[in-house]
Amino acid sequence: MAKSKRRKGGGGAPETLAVPVDGGLAELVPDRERPRGWTLLLDGAPQSHVDLDDPVHLSFEYQRRLGHVADLAAPPGRPLQVVHLGGGAFTLARYIAATRPRSTQQIVELDASLVQLVRQQLPLDPGARIRVRSADAREGLGRIADGWADLVIADVFSGARTPAHLTSTEFLADVRRVLRPGGQYAANLADGPPLSHLRAQVATAAALFPELALAADPTVLRGRRFGNAVLLASDLPLAVPELTRRVASDPHPGRVEHGRSLTDFTGGAPPVTDASARPSPVPPPAVFR
């Protein structure tokens, strides 16, 4: 790993750790309100927040919504088999390990030096059944057995953009191959006006999965600002009423679209294929200020 730099905190507070990794400059910034809380930034863009003393604490809006998905994927406490495409600080894997003991999880993260940094500075619970593999997300997905996963979570960004090859029907066909019957796919997506990327991603998922839901801040869904949205897909009906209640009860309340309203949201956008795939849009600079 490249040499790190520490930036001193005041009054004996933990220091910010800056380390060059394969994907840019990683920074671990201490949470002033949580003694063992840290935010991971890559080239200034917030990627993950984790509290080593309280792994069920989810700070970011999109992480809370993914947490709701994991909570509703099976009866409370039942172990799950989960694939995480994109590692970050392993926040959701830690959450599932804490809320569903004995779950078996696989993390696929391209940036091997980032994985090393997180393992060293934010170590996983040695008793958690979490395997981390350094590989491209689509390549790593291709190595997982048919029907292995109860849940596949995609949270992959390169330079704050989702890579093009993770936006297509061909990619989602492989996701569906890995899922058990009734399994669920959840993706963290980012878009802004005019929401062309988000509409196309919903249309792409609809080409592979009969059941869909989309959770986001209402201002994002109305195309008024750039932000995150969580797309949920399955071959069996989803717990939409309970997901809607939980998302609406978040500290920053969100909205869930499904059924006809979600079909209308796509505006007739065609599914994305490998041939037509493009990365998600570049976030405006003000997003990370």
To the nearest 0.5 Å, how far apart are NE2 in His68 and CG in Leu66?
9.5 Å

Test side chain to side chain contact (heavy atoms under 4.5 Å, CB included) applied to Val178 and Val152, step by step
CA-CA 8 Å; Val178 166; Val152 174; 4.3 Å; yes

Would a distance-only check, ignoring hydrogens and angles, find a side-chain to backbone donor-acceptor pair under 3.5 Å from Ser103 to Leu80?
yes

Checking the side chain of Ser280 only, and the main-chain atoms of Thr162 only, is there a donor and an acceptor separated by less than 3.5 Å?
yes

Out of curiosity, does Ile96 fall in the hydrophobic cluster containing Val230 (side-chain heavy atoms, cut-off under 4.5 Å, transitive links)?
yes

So, the side chain of Arg176 versus the backbone of Leu208: is there a donor-acceptor pair under 3.5 Å, distance only?
yes

At what distance, to the nearest 0.5 angstrom, does OG of Ser48 lie from CG of Asp155?
6.5 Å

Spell out, as yes or no, whether a donor-acceptor pair under 3.5 Å connects the side chain of Arg34 to the backbone of Asp54.
no

Counting only N and O atoms by type, is there a donor-acceptor contact under 3.5 Å from the side chain of Thr263 to the main-chain atoms of Gly259?
yes

Going from CD on Gln201 to CG on Leu172, what distance comes out if it is rounded to the nearest 0.5 angstrom?
7.0 Å

In Å, rounded to the nearest 0.5 Å, how long is the span from CG of Leu114 to CG of Leu40?
5.5 Å

Is Asp250 reaching over with its side chain to a backbone N or O of His252, donor-acceptor style, under 3.5 angstrom?
no

Quick one, Arg65 and Val247 - any side-chain contact, counting heavy atoms below 4.5 Å?
yes

Which heavy atom of Pro20 sits nearest a heavy atom of Leu25, and at what distance?
N-CD1, 3.9 Å

CG on Asp146 to CZ on Arg177, rounded to 0.5 Å:
5.0 Å

Please lay out, stage by stage, how Gln106 and His84 fare under the test side-chain hydrogen bond (donor to acceptor under 3.5 Å, both in side chains).
CA-CA 6 Å; Gln106 299 188 50; His84 301 264; over 6 Å; no

Distance-only, no hydrogens or angles: does the Glu170 side chain make a donor-acceptor pair with backbone N or O of Asp274 under 3.5 Å?
yes

Please test Arg131 against Gln105 for side chain to side chain contact (heavy atoms under 4.5 Å, CB included), starting from the C-alpha separation and ending with a verdict.
CA-CA 6 Å; Arg131 176 186 179 188; Gln105 303 185 74; over 6 Å; no

Same cluster or not: are Tyr95 and Val50 linked, directly or through other Ile, Leu, Val, Met, Phe, Trp or Tyr residues, by side-chain heavy atoms under 4.5 angstrom apart?
no

Going by side chain to side chain donor-acceptor pair (under 3.5 Å), name the residues that satisfy it together with Asp217, two or more places apart in sequence or in a different chain.
Thr219, Arg225

Is any side-chain heavy atom of Leu179 less than 4.5 Å from a side-chain heavy atom of Gln184?
no

Pro101 and Pro79: which non-hydrogen atoms are nearest, and at how many Å?
O-CG, 3.5 Å

Check the hydrophobic clustering (I, L, V, M, F, W, Y; side-chain heavy atoms under 4.5 Å; chains of links allowed) and say if Leu110 and Val118 are grouped together.
no

Residue pairs involving residues 105-123 (criterion salt bridge (charged side-chain N to carboxylate O under 4.0 Å, His left out); sequence neighbours excluded):
none

Looking at Gly192 and Phe226, what are the two nearest heavy atoms and their distance?
N-CD1, 3.4 Å

Which is it for Asp150 and Arg78 under the salt bridge (charged side-chain N to carboxylate O under 4.0 Å, His left out) test, yes or no, and what are the steps along the way?
CA-CA 11 Å; Asp150 297 297; Arg78 198 194 88 183; 3.6 Å; yes

Using a 4.5 Å cut-off on heavy atoms from C-beta on, say whether the side chain of Asn228 contacts that of Leu189.
no

Can you measure from CG (Leu231) to CG (Asn188) and round to the nearest 0.5 angstrom?
10.5 Å

Who are the side chain to side chain donor-acceptor pair (under 3.5 Å) partners of Asp43, not counting sequence neighbours?
none

By the ring-ring contact (aromatic ring centres under 6.0 Å, His included) test, which pairs, at least two apart or in different chains, include something from residues 139-197?
none

Taking Arg246 for the side chain and Val69 for the main chain, is one N or O donor matched with an acceptor at less than 3.5 Å?
no

Would you please name every residue forming a ring pair (Phe, Tyr, Trp, His ring centres under 6.0 Å) with His57, sequence neighbours left out?
His49

Sorted by chain and residue number, the side chain to side chain donor-acceptor pair (under 3.5 Å) partners of Thr99 (sequence neighbours excluded) come out as none

How about Leu117 and Leu17: do any of their side-chain heavy atoms sit closer than 4.5 Å?
yes

Arg199 side-chain N/O to Phe265 backbone N/O, donor-acceptor pair under 3.5 Å:
yes

Answer yes if Val156 and Ile144 sit in the same cluster of Ile, Leu, Val, Met, Phe, Trp and Tyr residues linked by side chain heavy atoms under 4.5 Å apart, and no otherwise.
yes

Any non-hydrogen side-chain atom of Pro163 less than 4.5 Å from a side-chain atom of Pro279?
no

Find out whether Glu211 and Asp235 are in side-chain contact, i.e. whether some heavy atom of one side chain is under 4.5 Å from a heavy atom of the other.
no

Under a 4.5 Å cut-off applied to non-hydrogen side-chain atoms, are Ile153 and Leu85 in contact?
no

For Ala207 against Thr169, the heavy-atom pair lying closest together
CB-CG2, 4.3 Å

Any salt bridge between Glu61 and Arg64, counting N to O under 4.0 Å?
no

Of all the heavy-atom pairs spanning Ala164 and Ala277, show the shortest one and how long it is.
O-CB, 3.3 Å

Would you say that Thr16 contacts Pro30 through its side chain, given a criterion of any heavy-atom pair below 4.5 Å between the two side chains?
yes

Residue Arg180 excluded, over 12 heavy atoms near CZ under 6.0 Å:
yes

Please check if Phe60 and Leu221 belong to a single hydrophobic cluster, counting links between Ile, Leu, Val, Met, Phe, Trp and Tyr side chain heavy atoms closer than 4.5 Å.
no

Going through the checks in order, is the side chain to side chain contact (heavy atoms under 4.5 Å, CB included) test met by Asp31 and Asp51?
CA-CA 9 Å; Asp31 185 332; Asp51 186 341; over 6 Å; no

Closest contact, heavy atoms only, Ile107 versus Ala93
CD1-CB, 3.8 Å

Go through the steps for Phe90 and Ile130 under the test side chain to side chain contact (heavy atoms under 4.5 Å, CB included), then give the verdict.
CA-CA 10 Å; Phe90 312 156; Ile130 300 173; 5.9 Å; no

Ignoring hydrogens and geometry, is there a side-chain-to-backbone donor-acceptor pair from Arg100 to Ala70 under 3.5 Å?
yes

